[in-house]
Amino acid sequence: MRLRIRDLREDADFNQTQIAQYLGLSQTGYSKYETDENDIPTEVLIKLASFYQTSVDYLLVLTEQKEPYR
């Protein structure tokens with residue numbers, strides 16, 4: 001499944017290590033989410049959506065609406 005987490009990270013000028021630290025993960029563990037080697041747990045999706053101020057649906061490419069639901 002194609003996710004938007006890499007694009008969002010790069011657009012925000014963060015590296016994988018910085019995001020991994022925010023999530024409490026190793027850089028390698030986070031990298032596997034970006035490359036779709038591992039499924040992202042719901043808790044991590046929620047943290048990423050909050051961090052990027054978007055919705056989980058946007059991260060999962062289920063909507064084009066970047067703004068979170070209100």
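For the single chain, residues carry numbers from 1 onward in sequence order. Computed over heavy atoms, backbone and side chain alike; hydrogens, waters and symmetry mates excluded.
Rounded to the nearest 0.5 Å, atoms OG1 (T63) and CG (D57) are 6.5 Å apart. To the nearest 0.5 Å, atoms CG (L59) and CZ (F51) are separated by 12.0 Å. Interatomic distance, CG of L3 versus OG1 of T35, reported as 10.0 Å (0.5 Å rounding). To the nearest 0.5 angstrom, L23 atom CG is 5.0 Å from L48 atom CG. Residue I19 holds its CD1 atom at 13.5 Å from OH of Y33, rounded to the nearest 0.5 Å. Note that the OH atom of Y30 and the CG atom of N38 stand 13.0 Å from one another [nearest 0.5 Å].
The local environment of CZ in R4 is crowded, with over 12 non-hydrogen atoms from other residues, nucleotides or ligands closer than 6.0 Å. Counting non-hydrogen atoms of other residues, nucleotides and ligands closer than 6.0 Å to CD of E37 gives a total above 12. Around atom CG of N15, more than 12 heavy atoms belonging to other residues, nucleotides or ligands sit under 6.0 Å away.
The two residues S26 and A20 make their nearest non-hydrogen contact at O-CB, 3.5 Å. The minimum heavy-atom distance linking A49 with S55 is given by the pair CB-C, 3.9 Å.
Counting only distance, with no hydrogens or angles, the side chain of T54 and the backbone of K66 share a donor-acceptor pair below 3.5 Å.
In the hydrophobic clustering of this structure, I46 groups with I5; members are Ile, Leu, Val, Met, Phe, Trp, Tyr whose side-chain heavy atoms approach within less than 4.5 Å, directly or through other members.
With 3.5 Å as the limit, one finds no donor-acceptor pair spanning the side chains of Y22 and Q18.
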Between Y52 and R9, does the side-chain contact (heavy atoms from CB on, under 4.5 Å) criterion hold? Intermediate values first, please. CA-CA 8 Å; Y52 292 118; R9 177 182 56 78; 3.3 Å; yes
